[in-house]
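Residue numbers start from 1 in every chain, and the chains themselves are labelled A, B, ... in the order their sequence lines are given, proteins ahead of strands. No experiment lies behind these values; they were computed from the predicted model shown.
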There are 2 protein chains.
Amino acid sequence: MTTQGPGLHTHVLDTLGLEIAAGEHPPGQVLRTDELAQRFDVSRTVVREVIRVLESMHLVESRRRVGVTVRPTEAWNVYDPQVIRWRLAGADRPRQLRSLTVLRSAIEPVAAGLAARNATPEQCAALTECALGMVATSRGQQLEGYLEHDIAFHRIVLNASGNEMFARLGDVVAEVLAGRTHHQVMFEDPDPAAVTLHVRLAEAVREGDAVEAERLTKEIAVGALHELDVLAP
Amino acid sequence: MTTQGPGLHTHVLDTLGLEIAAGEHPPGQVLRTDELAQRFDVSRTVVREVIRVLESMHLVESRRRVGVTVRPTEAWNVYDPQVIRWRLAGADRPRQLRSLTVLRSAIEPVAAGLAARNATPEQCAALTECALGMVATSRGQQLEGYLEHDIAFHRIVLNASGNEMFARLGDVVAEVLAGRTHHQVMFEDPDPAAVTLHVRLAEAVREGDAVEAERLTKEIAVGALHELDVLAP
DNA sequence: AGGAACAAAAAGTACGACGTTTATGTCACA
DNA sequence: TGTGACATAAACGTCGTACTTTTTGTTCCT
């Protein structure tokens with residue numbers, strides 16, 4: 001997936017963002033707007049708009065008389081879903097996947113605890129449905145279907161937490177889960193233990209058992225971390 | 001604080017971002033680039049660049065023949081420090097402060113635990129120094145000095161965790177702490193219990209006691225949450 | 001009523017010109 | 001030889017205009 005619809009601007013932005021995230025333009029390198037316009041065969045107007053967006057993500061910095069400088073990684077807006085996507089597509093996907101999974105392991109247990117207190121009946125029902133969907137697709141190479149339910153499940157938990165910051169992490173989680181499924185062991189069925197944990201988590205949330213929900217989510221998280229440890233360098 | 005240096009672009013971006021974050025342009029409202037150009041007395045070029053940045057933050061959506069539509073809050077990139085600053089300056093600062101504090105309460109304990117394992121001697125020393133600075137400024141209306149040390153302290157912990165996603169949350173924490181200090185009880189000295197907890201946390205990190213570091217940070221977090229509950233609606 | 005052709009509105013794109021800042025080199029002077 | 005003022009040029013910043021494309025509303029014909 002590149003990004004969205006048509007548009008000259010979109011193409012240039014996506015290409016440049018991908019390149020920078022991949023480290024093809026090391027920090028400190030300067031890009032000239034004229035050169036970029038020539039390279040992509042677009043007007044300087046389009047390039048400038050792209051630069052402005054990249055600048056708002058702190059991927060580059062534009063200064064007069066010097067040009068557009070690529071900024072070091074520490075400056076990047078690493079929570080921007082767009083940036084995350086670019087980085088996950090690049091070379092250090094493993095590193096990125098790991099740090100995002102650690103982030104999940106911090107957030108999701110707390111979110112699950114809150115969800116147990118705040119989830120609406122509709123959310124509980126949807127959660128149970130997702131868990132059942134995971135069970136149904138957990139065997140026989142139905143990884144795409146499983147992934148879909150898995151993403152939906154975690155998204156519901158984050159939304160049900162009632163905290164806006166948690167809810168907006170749904171996209172990040174989706175990227176992580178998708179990345180994990182698509183770039184690691186496509187030949188194995190998901191861990192049965194994880195499936196069970198999700199089912200029990202749906203129950204705990206439905207029953208309003210916050211501490212159990214938090215505990216189960218922590219277990220899911222450590223499972224995910226362990227999975228990364230065995231499957232990645 | 002508006003944002004950064006000079007530049008026509010910066011001014012328009014900041015003004016519009018502030019207005020949208022404040023809800024002055026409700027979701028669904030359409031802005032026309034020509035109108036904006038007229039209003040700010042700048043060229044359409046400048047307006048378009050601003051729109052593109054706003055669009056990358058998912059604050060607006062630009063479509064042909066219809067105009068620039070303001071998007072609902074759920075779509076916003078609420079992790080973008082710029083967006084956070086805009087929202088914190090607006091009307092629903094209390095709500096925002098609360099959800100950010102909950103986020104902190106999820107992240108920082110885990111980060112502190114990691115910091116206890118990974119912190120370098122230099123980081124430990126800096127941490128202790130910050131804690132001492134907090135003690136020194138904890139009495140006698142030195143709130144600005146205290147804030148400075150407090151921010152530095154938490155930033156070090158997040159950095160020392162070794163996780164990039166945690167580290168990049170330093171700016172958010174800084175905004176929260178600053179917002180809390182500047183918009184609530186400026187007349188009271190900080191809670192002595194909190195000061196003690198920070199000192200003990202610095203010790204725990206230095207000694208590599210991860211579980212104690214996590215526990216102490218949780219205590220700090222519940223203290224902050226409680227403080228919000230008594231001081232805000 | 002239904003659909004197809006058409007017209008208008010707004011953003012998207014391009015281009016060329018000029019302004020502004022600032023890194024850098026040069027020259028004079030001590 | 002070193003230092004400071006000054007000129008220069010390179011890059012981005014801003015502007016105005018003209019043209020293109022897409023979407024949408026309207027009108028007219030069947």
Could you report the tightest heavy-atom contact between B/Thr15 and B/Arg39, atom names first, then the distance? CG2-NH2, 4.0 Å

Going from CD1 on B/Ile151 to CD1 on B/Ile156, what distance comes out if it is rounded to the nearest 0.5 angstrom? 12.0 Å

Can you check side chain to side chain contact (heavy atoms under 4.5 Å, CB included) on B/Leu16 and B/Leu36, steps first, answer last? CA-CA 9 Å; B/Leu16 267 184; B/Leu36 293 173; 4.0 Å; yes

Should we count CD of A/Gln123 as having more than 12 external heavy atoms under 6.0 Å? yes

How long is the straight-line distance from CG of A/Leu169 back to CD of A/Glu175, given to the nearest 0.5 Å? 11.5 Å

Range on DNA chain C touched by chain B, heavy atoms, distance below 4.0 Å: C/dA9 to C/dT13

Any residue meeting salt bridge (charged side-chain N to carboxylate O under 4.0 Å, His left out) with A/Glu148, in chain and number order, not counting sequence neighbours: none

Each nucleotide in nucleotides 4-15 of chain D should get exactly one letter: B, S or -. Can you fill that in based on protein heavy atoms under 4.0 Å? ------BBBBBB

Should B/Arg52 and B/Glu55 count as an ion pair when the cut-off is N to O under 4.0 Å? yes

